[in-house]
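All remarks here apply to the structure that follows.
Remember, predicted model here, so these are calculated numbers, not experimental data.
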Amino acid sequence: MEFQLTSPFATAVDQQKAIDNLVHGIEAGGKEQVLMGVTGSGKTFTMANTIACVQRPTLVISHNKTLAAQLYQEFRDLFPRNAVSYFVSYYDYYQPEAYIPQSDTYIEKETEINEEIDKLRLSATTNLLTRPDTIVVASVSSIYNIGSPREYGKFVMELSVGMRVARSQIFARLVDLQYERNNINFRRGTFRVRGETIDLFPSYEDSVFRVIVSDDTVTSLEKRNAITGQKMEDLTYICFYPAKHYMTDPKTYKEVFETIRSDLQIRSQELQNQGKIVEEHRLRQRVTYDLEMIQEVGYVNGIENYSRYFDGRNPGDPPNTLLDYFKEAGLRHFNSPSSWLLFIDESHMTVPQIRGMYNGDRSRKQTLIDYGFRLPAALDNRPLRFDEFMRKIPQTIYVSATPDDWEIERALQSSRQIRSAPRNGIVEQLVRPTGLVDPEVTVKSSEGQIEDLISEITKRADHGERVLVTTLTKTMAEDLSRYLESKGIRTHYLHSDVKTLDRTTILSDLRRGSYDVIIGVNLLREGLDLPEVSLVAILDADKEGFLRSKISLIQTMGRASRHIRGSVILYAARVTQAMRDAVEEIGRRRNIQRAYNKKHHVIPKTVEKPIRSPLVSDTDAARNRMQTLPTKEEFNALTPNEKNKQIAKLTTYMRQAGRNLDFELALRIKNLIASLTR
């Protein structure tokens with residue numbers, strides 16, 4: 001199936017020129033290009049048109065989940081007939097396994113997985129292996145180990161009407177695919193059996209599939225609504241994919257286990273020679289337990305630390321990541337592993353983030369290995385090193401309003417090699433289709449900045465406009481939010497501790513008018529599409545550093561460039577060089593846009609964009625939350641420590657439901673807590 005872009009808007013002159021240049025560079029064989037576009041110039045629309053022209057599976061990497069969610073929704077609207085997927089870290093809470101030698105403290109891995117994001121991740125990999133028209137919007141989690149696409153692709157169950165198969169064979173195969181049989185709490189990743197009927201809820205779907213087997217023959221296949229159970233469609237064929245990314249083939253256990261035990265013996269001898277008797281005993285005990293669990297149930301918490309053995313990789317080999325699924329998709333659909341396209345959005349931020357992932361991960365794991373908690377093979381469960389990432393990428397386009405010198409130099413080198421890329425591999429998009437100019441910038445004294453800020457917010461709120469405020473720390477954002485609320489201003493804070501899906505909801509509520517102000521740290525910097533925002537206030541603009549550099553200031557100021565009365569206030573005790581350079585660059589861009597407007601008789605107007613429904617609807621969120629609530633039997637089977645954690649989690653859910661005015665759900669959870677603790 002081909003990519004089919006659907007949009008009521010035509011490309012503007014500047015956009016079409018950028019699209020033509022990018023496509024020409026790709027077709028000429030250019031390895032790397034830069035799309036340098038100002039905020040509000042329609043870079044996402046340019047990217048979408050490029051995808052439609054090139055017709056290749058595409059990965060879009062963003063440096064934060066909020067921006068990735070926005071891009072996902074935009075691409076989903078532009079390509080409604082194609083497979084648009086979202087791939088970010090699926091943890092609402094993540095405490096990695098760690099050991100602190102100074103205090104002899106071992107911290108066990110503890111996670112709280114967001115089931116909806118897990119579904120979207122599995123949907124992304126399934127789409128890549130089954131459809132050539134796939135776009136995946138991802139965070140830098142795309143460079144982390146997720147298991148082999150070859151192994152994942154092997155673990156499928158195909159059923160068709162009339163197929164001869166026993167029910168017991170279907171049960172065994174579903175268990176191999178890591179599905180759990182559960183006739184009571186039917187949720188994603190489980191199946192239930194009622195007589196001749198088998199209901200399966202795939203981990204990557206919103207729908208349930210019903211299989212009816214009579215006399216060892218599949219007589220019916222149906223797709224049903226997961227909530228109502230109503231039949232949606234009769235099917236003749238279904239292919240089910242695994243419930244998890246990490247898959248192990250029982251046929252290889254004997255060979256793999258021998259290798260693991262051999263490495264365990266070598267490592268045990270090393271620890272004994274070093275006089276580390278406690279560490280040696282600890283390691284032998286841990287590995288023996290893990291192998292027994294994998295043998296019995298095919299899975300163990302921390303199985304990813306053995307992924308190198310099951311993937312058949314040598315020590316030091318790069319892990320399998322989402323990029324390998326794209327390589328597999330290229331082979332399956334186009335007979336070429338490089339037949340896919342990569343966009344790195346806000347590349348000035350995303351590239352350094354990709355570059356820095358490896359070292360932090362290795363330091364933590366090395367400590368675990370030194371003290372006998374893991375085999376050295378755990379080091380191979382890791383993100384890609386930057387050099388490995390660069391070797392794996394296909395033709396790449398770096399997208400940014402302020403690209404770094406590194407991206408520009410890469411594009412220049414690429415263009416020299418093919419001698420036909422436009423503008424030396426640098427494609428500029430400096431004119432907004434709306435005619436809007438960059439915001440006016442005012443510098444004010446930081447003395448009395450909060451009182452002045454309240455006055456400025458009130459002016460905008462009286463006209464139905466919104467405000468963004470950036471602070472230097474999370475604590476300052478939360479404290480200022482509470483202070484403004486005490487003054488009668490509707491406000492909310494936004495930073496990295498706010499859950500992934502909640503961030504999108506908060507920003508949508510700002511657009512709807514539930515809030516007048518959002519206060520943040522660094523999440524209000526790149527890419528956010530908020531046409532109602534007419535003022536961006538930057539507190540402590542003279543505190544030089546990463547958050548107040550020239551590039552950071554330009555990016556933050558750009559959030560006000562989608563409103564016709566857009567303006568920026570820099571609160572500072574002095575004017576730094578970064579402030580001076582940023583204001584100068586904004587002025588240069590204002591002049592370019594004004595000249596274009598005058599030449600083409602363009603009258604500026606505020607951007608108008610519909611407010612999209614949240615990534616997960618309130619109904620879906622409530623349903624997913626109810627699916628995770630334990631039964632009395634499940635709760636009683638927990639240890640005292642696990643029970644306390646479960647009660648704390650339920651209490652959090654209850655309070656969140658109350659804040660969302662979902663009192664029915666809050667009451668149900670309250671009654672459940674009372675029942676469990678009675």
Side-chain angles (χ1 to χ4, degrees), residues 91 93-111 143-148 246 248 250 252-321 355-388 638-642 644-645:
Y91 298 117
Y93 171 76
Y94 178 62
Q95 171 58 62
E97 182 183 28
Y99 179 67
I100 305 172
Q102 294 85 347
S103 58
D104 189 26
T105 303
Y106 172 70
I107 303 172
E108 190 173 359
K109 177 181 175 181
E110 188 176 347
T111 64
I143 70 167
Y144 277 78
N145 182 23
I146 59 170
S148 168
Y246 293 103
T248 57
T252 66
Y253 281 176
K254 184 176 180 181
E255 180 182 343
V256 170
F257 282 12
E258 286 178 0
T259 305
I260 295 174
R261 290 191 178 103
S262 174
D263 284 358
L264 172 62
Q265 192 62 36
I266 294 170
R267 181 59 180 162
S268 294
Q269 190 62 53
E270 290 176 355
L271 291 172
Q272 287 177 3
N273 293 341
Q274 296 170 14
K276 296 182 176 180
I277 307 302
V278 173
E279 287 83 352
E280 189 276 336
H281 174 73
R282 179 187 291 149
L283 180 64
R284 188 173 293 278
Q285 193 175 41
R286 162 63 67 87
V287 175
T288 301
Y289 170 79
D290 286 350
L291 294 184
E292 289 175 354
M293 286 294 293
I294 295 172
Q295 179 74 51
E296 292 300 321
V297 301
Y299 191 81
V300 68
N301 190 27
I303 192 173
E304 63 274 9
N305 291 294
Y306 302 97
S307 60
R308 186 242 284 171
Y309 298 106
F310 291 104
D311 293 347
R313 290 184 283 134
N314 295 317
D317 283 354
N320 290 292
T321 66
R355 187 181 282 117
M357 291 294 103
Y358 172 78
N359 289 330
D361 181 82
R362 183 179 179 87
S363 175
R364 176 178 60 82
K365 289 206 174 87
Q366 188 62 58
T367 303
L368 290 168
I369 292 166
D370 291 343
Y371 287 87
F373 291 96
R374 288 291 174 193
L375 285 171
L379 289 175
D380 293 311
N381 167 47
R382 58 177 175 81
L384 294 171
R385 296 195 308 268
F386 190 65
D387 61 305
E388 293 169 339
L638 300 176
T639 65
N641 186 42
E642 289 172 334
N644 290 335
K645 289 181 179 179

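- A donor-acceptor pair under 3.5 Å is formed between the side chain of T259 and the backbone N or O of E255.
- Contacts of R382 classified as salt bridge (Lys or Arg N to Asp or Glu O under 4.0 Å), with partners at least two apart in sequence or in another chain: E388.
- Applying the side-chain contact (heavy atoms from CB on, under 4.5 Å) test to T105 and every residue at least two apart in sequence or in another chain returns I100, S103, I107.
- Residue D380 comes nearest to G316 through the heavy atom pair OD1-N, 3.0 Å, listed as atom of the first residue, atom of the second, then distance.
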Ignoring hydrogens and angles, write down the donor-acceptor pairs under 3.5 Å from the side chains of residues 271-282, residues two or more places apart or on other chains.
unit_1: N273; atom_1: OD1; unit_2: Q269; atom_2: NE2; d: 3.1
unit_1: N273; atom_1: ND2; unit_2: Q269; atom_2: O; d: 3.2
unit_1: K276; atom_1: NZ; unit_2: D370; atom_2: O; d: 3.4
unit_1: E280; atom_1: OE2; unit_2: S268; atom_2: OG; d: 3.4
unit_1: E280; atom_1: OE2; unit_2: R284; atom_2: NE; d: 3.0
unit_1: E280; atom_1: OE2; unit_2: R284; atom_2: NH2; d: 3.4
unit_1: R282; atom_1: NH1; unit_2: Y371; atom_2: O; d: 2.5

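- The heavy-atom pair separating L283 from L375 by the smallest distance is CD1-N, 3.7 Å.
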Can you check side chain to side chain contact (heavy atoms under 4.5 Å, CB included) on Y358 and I143, steps first, answer last? CA-CA 10 Å; Y358 172 78; I143 70 167; over 6 Å; no
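- Taking the side-chain hydrogen bond (donor to acceptor under 3.5 Å, both in side chains) definition, one finds that N314 meets it with nothing, sequence neighbours left out.
- By the ring pair (Phe, Tyr, Trp, His ring centres under 6.0 Å) test, Y106 pairs with F373, sequence neighbours left out.
- In this structure, S307 and N145 approach most closely via the heavy-atom pair OG-ND2, 2.8 Å.
- Residue pairs meeting the salt bridge (Lys or Arg N to Asp or Glu O under 4.0 Å) criterion with at least one member in residues 286-300, sequence neighbours excluded, are E97-R286, D290-R374.
- The structure places OH of Y99 at 3.5 Å from CG of D104, a figure rounded to the nearest 0.5 Å.
- For residues 263-272, every residue pair satisfying the salt bridge (Lys or Arg N to Asp or Glu O under 4.0 Å) rule, not counting sequence neighbours, is listed here: D263-R308, R267-E270.
- In plain terms, the two heavy atoms of I369 and P376 that are nearest each other are CD1-CA, 3.6 Å.
- With sequence neighbours left out, the side-chain hydrogen bond (donor to acceptor under 3.5 Å, both in side chains) criterion links N320 to D311.
- Here S262 pairs with I266 under the side-chain contact (heavy atoms from CB on, under 4.5 Å) rule; sequence neighbours left out.
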